[in-house]
Number of protein chains: 2
Amino acid sequence: MPKQVDHEERRRAIAEAVLTLLATRGAEGASLRTVAAEAGVSMGAVQHYFKAKEEMILFALEYGNENLAARMRQRMAAHPDTPPRDLYRYFFTQLLPLDEESRRGARVWMAFLSRAAIDPAAQRLAAEAYTNLTAFVRARLADVGVPAESLDLASHHLVAVLEGLRYPLLLGARTPEETLAVLDAQLASLSIPDDR
Amino acid sequence: MPKQVDHEERRRAIAEAVLTLLATRGAEGASLRTVAAEAGVSMGAVQHYFKAKEEMILFALEYGNENLAARMRQRMAAHPDTPPRDLYRYFFTQLLPLDEESRRGARVWMAFLSRAAIDPAAQRLAAEAYTNLTAFVRARLADVGVPAESLDLASHHLVAVLEGLRYPLLLGARTPEETLAVLDAQLASLSIPDDR
DNA sequence: CGTTTTACAATGCACTTGCATGGTAACAAG
DNA sequence: CTTGTTACCATGCAAGTGCATTGTAAAACG
């Protein structure tokens, strides 16, 4: 066997380039050539690791999702001593495009959605991402004592608010203050027991 | 002067074709040629009415927004005898992709958003559309007696919920029942006086 | 050593893209 | 009838697209 290369590592590096291009230049901006240039490799390399463009895009989107989820878990784990009550608002604000990193994520997610509206494979991926996010939010709400019988509705409701706050904020139709006010109102409406 | 043609009418007809293509084949599916074919005219005709593709797309998006707003107003006006209390939930459900027409609208709006993330002109248009929608929702909430001091927050909150319910429903990650349950929960949380 | 498999690189191809150009047909104004 | 303006249509073009093909260098294996 020839040159030993970490296959998956290379694919992830290319996926990073795809995500950057999706965020900065949109879906049309991610061609085989621009991706290769962004990743600093030749077009042949990209073709070597992905047999078709569709596979490349889908891999990048999936990678982006897993990566986001991993970073979230990592951040939650980085504060093991902080009680859930103090942590969960921080977690939810991380899902809003308030800094450059999450702005990029929101842009990628928009490109993802617009593709999912057309491409069934992307649609399945996006639906799965929604399911995972909802499950995660549900677990956070359970952490802070939202009663079991309202967990379904509360998590659906909160995910909708988070999703709906994202785009107006990203486009500048809302200020961060207005956005956070709505988030706080939503969190306040949850039936959280205030035991110390 | 030559053949008398309703200039604006032709542009709107082409805009309809653009919206159809955006909804069915996404942003990449709306090329000058496909638009011409969808509208049943030659490519030269499209070029005659729009000097550049960007102008065509932006016009179509603007037209789509105005059209949606007009249809909404028309539907509200079609029931002049119904009290606001009974009308406003109907109005809000119309903004969710529950039937084919509003599903098309939601798909167009997604294409709009993904373009707005890249193109500043589209961004301005989209931000304006959010502002208009929020103002309209605010007026509806005022109609049903939401107190003045909570109108800002309530309208922002409700718009976020509507926006956030749209995409998971469109992608099949939520059922219509789950979606409407969240909407009803949001409406129930408003401080509406229940006079008689 | 030689062979084989992997990891690219370079180029070519058919196709689509937005746009420019040149022409033509129709109709109103003089 | 002539002229001028409008409303197209047909075609051409450079650039970009995804993908196939071919070539090459390197390293593990016999």
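We use all heavy atoms of the structure for the numbers below, so side chains are in, but hydrogens, waters and symmetry mates are not. In what follows, chains carry the letters A, B, and so on, assigned in the order in which the sequence lines appear, proteins first and then strands, with residues in each chain numbered from 1. All values reported here derive from a predicted model rather than from experimental measurement.
Scanning for side-chain hydrogen bond (donor to acceptor under 3.5 Å, both in side chains) contacts around B:Arg104 gives B:Glu16, B:Thr20, with sequence neighbours left out. With sequence neighbours excluded, the residues forming a salt bridge (charged side-chain N to carboxylate O under 4.0 Å, His left out) with B:Asp143 are B:Arg140, listed by chain and number.
For DNA chain C, the neighbouring residues in residues 39-55 of chain B, judged by any heavy atom under 4.0 Å, are B:Met43, B:Gln47, B:Ala52, B:Lys53.
If you measure from atom CD of A:Glu28 to atom C1' of D:dA15, you get 15 Å, rounded to the nearest angstrom. Between the C1' atom of D:dC8 and the CD1 atom of B:Ile14 lies a distance of 11 Å, rounded to the nearest Å. Straight-line distance from the CG atom of A:Leu32 to the P atom of D:dA15: 20 Å, rounded to whole Å. Rounded to an integer number of Å, the gap from B:Arg10 CZ to D:dC9 C1' is 13 Å. Rounded to whole Å, atom P of D:dG16 lies 15 Å from atom CG of A:Leu21. As rounded to whole Å, 6 Å separates atom P of D:dT17 from atom CZ of A:Arg33.
Without hydrogens or angle criteria, B:Arg174 side chain to B:Leu165 main chain gives no donor-acceptor distance under 3.5 Å. Counting only distance, with no hydrogens or angles, the side chain of A:Ser102 and the backbone of A:Leu96 share a donor-acceptor pair below 3.5 Å.
Applying side chain to side chain donor-acceptor pair (under 3.5 Å) to A:Arg71 and the options A:Gln94, A:Glu66, A:Glu101 leaves one that passes, A:Glu101.
Applying the 4.0 Å criterion to OP1 and OP2 of C:dT16, one finds that B:Ser31 has every side-chain N and O outside that range.
Using a 4.5 Å cut-off on side-chain heavy atoms (C-beta onward), A:Phe92 and A:Val137 make contact.
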